[in-house]
Amino acid sequence: MCRSIKTLRPPALPEEATEEEIRAAALQYVRKVSGFRAPAAHNQEAFERAVEAVARATAELLDDLEVRGRTARQAG
């Protein structure tokens with residue numbers, strides 16, 4: 001789908017993904033899905049809400065993933 005989105009999981013460990021990296025991936029995803037690199041002023045709020053929702057879902061996913069039989073919280 002979007003080849004420019006950085007993989008935030010192996011080889012990087014989930015806890016190594018920074019909030020900045022998670023937000024950048026969410027922004028790339030929303031840009032790809034919406035078809036807009038930057039939304040028009042009347043779409044800015046919806047665009048930002050989508051980025052925040054995707055970032056939250058991404059952080060939750062990384063927290064909940066099991067790596068080699070261990071939960072991400074136990075890894076490391």
Side-chain angles (χ1 to χ4, degrees):
M1 178 173 141
C2 192
R3 295 183 181 139
S4 63
I5 295 177
K6 177 183 174 186
T7 300
L8 300 179
R9 200 183 90 57
L13 294 174
E15 62 268 23
E16 291 177 350
T18 65
E19 286 183 34
E20 182 179 309
E21 290 172 323
I22 290 171
R23 188 174 190 328
L27 178 60
Q28 286 297 93
Y29 177 80
V30 172
R31 284 175 173 168
K32 183 70 166 190
V33 170
S34 70
F36 297 114
R37 179 163 174 20
H42 62 277
N43 287 325
Q44 185 67 40
E45 188 177 326
F47 194 88
E48 286 299 319
R49 276 196 317 264
V51 170
E52 292 306 316
V54 171
R56 279 192 308 274
T58 300
E60 184 176 320
L61 171 65
L62 291 175
D63 282 346
D64 290 346
L65 287 176
E66 291 185 16
V67 179
R68 296 185 181 166
R70 297 179 293 173
T71 64
R73 291 183 194 110
Q74 295 171 337

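One-based numbering along the sequence shown.
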Enquirer: How would you list, by chain and number, every residue that makes a side-chain contact (heavy atoms from CB on, under 4.5 Å) with Ala55, sequence neighbours excluded?
Expert: Ile22, Ala26
Enquirer: Under the rule for side chain to side chain donor-acceptor pair (under 3.5 Å), what residues qualify as partners of Arg56, not counting sequence neighbours?
Expert: none
Enquirer: Would you please name every residue forming a salt bridge (Lys or Arg N to Asp or Glu O under 4.0 Å) with Glu45, sequence neighbours left out?
Expert: Arg49
Enquirer: For the CG atom of Asn43 and the CD atom of Glu48, what is their distance to the nearest 0.5 Å?
Expert: 12.0 Å
Enquirer: If you apply the rule side-chain contact (heavy atoms from CB on, under 4.5 Å), what do you find for Gln28 with Arg31, and how did you get there?
Expert: CA-CA 5 Å; Gln28 286 297 93; Arg31 284 175 173 168; 3.0 Å; yes
Enquirer: Please report the shortest heavy-atom distance between Ala17 and Leu62, naming the atom on each side.
Expert: CB-CD1, 3.8 Å
